[in-house]
Amino acid sequence: MKNRILILIVLFITTYTQAQTVVEITPNPFDSRVITTGLPFVLIAADARAAAMGDMGVATSVDVFSQQWNPSKYAFSETKQGVGVSYTPYLSSLVKDIFLGNITYFNRINEKSAFAASFRYFSLGEIELVQDEFSEALITKPNELTIDASYALKLSEQFSMAVTMRYLRSDLKIDAVDPEAIPASTFGVDISGYYQSEEQAYNSFNGRTRFGFAIQNIGPKFKYDEGGQENFQPTTLRLGAGFDFILDDFNKISVTGEVTKLLVPTPPIYGERLEYENNDGEEGYQPAIDPNNPQPGEDVLISYDPNYIVDGKDPDVGFFQGMFQSFGDAPGGFSEEMKEWTWALGAEYSYQDSFAIRAGYFHEAEEKGARQFFALGAGFKYNIIGIDLSYLFSASKVRSPLENTLRFSLSFNIDRGAYREY
C-alpha cells in the first residue's frame with residue numbers, strides 16, 4: 001500500500017514538472033521615457049520677452065503677452081489696454097516658411113477685472129507631394145492654431161484669478177491621400193492665479209514679491225484621424241515666484257524662477273508576455289509544430305500579449321484621471337517623477353520703463369526631452385510702442401529647433417498709466 005502511494009506521488013510530481021504553465025516577460029529596451037502629446041506647438045514661447053527669460057511667464061510682471069502664461073496678471077496692469085504681435089521662425093536653419101505667429105489683445109475693464117483674447121497660428125510651411133516624375137506636384141499647407149479668451153478678476157488688493165477658454169485645431173491632413181479627412185479639434189480650459197505684493201522698503205532698496213500658478217489646457221483627448229489613437233492635450237502645471245529689486249525711480253532688477261510639469265501619463269515600459277504550457281521541463285519556449293496536436297516535449301502557447309505593461313501604469317485613461325495619475329506613474333519611481341519637472345531662471349534689468357535687457361536659462365532632464373538652453377534679449381519702449389527681441393543658445397547635445405533664432409515682438413500699450421497700483 002505504501003509503495004503504491006509513493007508511486008502516485010512520484011507520477012504527480014513528474015507530470016506537474018513536465019506540464020506546468022510558464023509565463024515569460026521580455027521588456028522592450030527601446031521604450032522612450034519622453035512624454036508626448038498632441039498640439040505640442042502651444043508650449044512654444046510665442047513672445048520674445050518670455051523667451052529671453054527662459055520660456056517663463058507665470059510669475060513675471062504683467063505685459064501684453066500674459067495671455068499665454070497667466071492672464072490673471074492683467075488685473076494688475078497699469079495700462080488700460082494693449083495689442084501685441086509676435087513672430088517666431090521655427091527650424092530656420094533648414095527651412096524659411098515654418099513659423100509661429102501670435103496676436104493678443106487685452107483690456108482692463110476697471111479696477112477689479114480685465115479680459116483678453118489671443119490667436120496663435122503655427123504654419124508647417126508648404127509640402128510638395130510628387131507621385132512620380134510624370135505627375136503634377138501637389139502642394140499642401142498643414143497648420144495648427146488656437147483661439148482663446150480669458151477673464152481676470154481681483155479677489156483682493158494683491159491677488160487675482162483668471163479663467164481661459166481655448167479652441168484648438170490641427171489641420172495636418174493631406175487631401176490627395178484621404179479626401180474625406182477633416183482637421184482635428186478640441187477645446188481646453190486654463191485656471192490661473194497671480195499674487196503681487198505692495199512695494200516694501202528695505203535698507204537700500206524697495207522690493208516687491210510675485211507668485212503665480214496656472215493649470216493650462218485642461219480638456220478632452222482628440223484624434224488626428226478617425227481610426228487613429230487618442231492624444232492628450234499638453235495639459236501643463238506652472239508654478240513660479242519672483243522678486244523686484246526697485247533700486248530707485250529709474251532702475252529695477254527682477255529675478256524669477258519657474259517650474260513646470262506636463263499633467264499627462266508617463267509612457268510605461270512595454271514588453272512581450274508569453275504564457276505557455278511547458279511540457280519538457282526545460283527553460284525557454286519550444287513551440288509545438290502543430291499547436292492543436294503537440295508532441296511529447298513540445299510547448300503549447302496559451303496566450304501572447306505584445307504590448308504587456310512590464311512597469312508603470314496604463315496610459316489609456318481619461319484626461320481628468322490622467323492629470324492625477326501623472327504624479328505617480330513613472331516606472332522609475334520618485335526619482336523619475338522629479339525628472340519630469342522642468343525649471344527655468346530668468347532676470348530682467350529695466351531702466352525708466354523704457355529699456356530692458358534680459359537673460360534666462362531653461363533645463364529639462366535628458367531622459368525627458370533634453371531641452372536645455374540659455375537665452376538673451378532686450379526690450380525698447382517709446383511712447384505707446386514696445387519692441388522686444390530674444391535669441392537662444394542651446395546647451396544640450398540635442399539641438400533645439402529654435403537655436404540661433406531671433407524672435408520678435410511688437411506691442412502697443414494704449415492709455416499707459418491709466419491705473420496706478422502703488
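Hydrogens, waters and symmetry mates are skipped; everything else that's a heavy atom, side chains included, is used.
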Give the ring-plane orientation class for Phe213 versus Phe159, where under 30° counts as parallel, over 60° as perpendicular and anything between as tilted. parallel
Audit row: Thr60, Lys73, side chain to side chain donor-acceptor pair (under 3.5 Å) steps and yes/no: CA-CA 9 Å; Thr60 55; Lys73 296 191 295 185; 3.0 Å; yes
Is Ser77 reaching over with its side chain to a backbone N or O of Tyr74, donor-acceptor style, under 3.5 angstrom? no
Do Phe373 and Phe362 make the cut of ring centroids closer than 6.0 angstrom? yes
Should Ser354 and Phe380 be marked as a side chain to side chain contact (heavy atoms under 4.5 Å, CB included) after you check the CA-CA gap, both sets of side-chain angles, and the distance that decides it? CA-CA 6 Å; Ser354 59; Phe380 310 88; over 6 Å; no
Going by the angle between their ring planes, with limits at 30° and 60°, are Tyr391 and Phe393 parallel, tilted or perpendicular? perpendicular
Examine distances only and state if a side-chain atom of Asp148 and a backbone atom of Ser118 form a donor-acceptor pair shorter than 3.5 Å. yes
Between Lys141 and Glu126, is there a side-chain N and carboxylate O pair less than 4.0 Å apart? yes
For the backbone of Ile103 and the side chain of Tyr121, can you confirm whether one donor and one acceptor N or O come within less than 3.5 Å of each other? no
Tell me whether Asp388 contacts the main-chain N or O of Gly386 through its side chain, where contact means a donor paired with an acceptor under 3.5 Å. no
N/O donor-acceptor pair under 3.5 Å between Asp97 side chain and Leu124 backbone: no
Measuring from Asn102:CG to Arg407:CZ, what's the distance to the nearest 0.5 Å? 12.0 Å
So, Phe122 versus Phe99, ring centres under 6.0 angstrom or not? no
Any chance you could measure Phe245, atom CZ, to Ile253, atom CD1, to the nearest 0.5 Å? 8.0 Å
Decide if the gap between the ring center of Tyr361 and the ring center of Phe374 is smaller than 6.0 angstrom. yes
For the CZ atom of Phe243 and the OG atom of Ser197, what is their distance to the nearest 0.5 Å? 7.5 Å
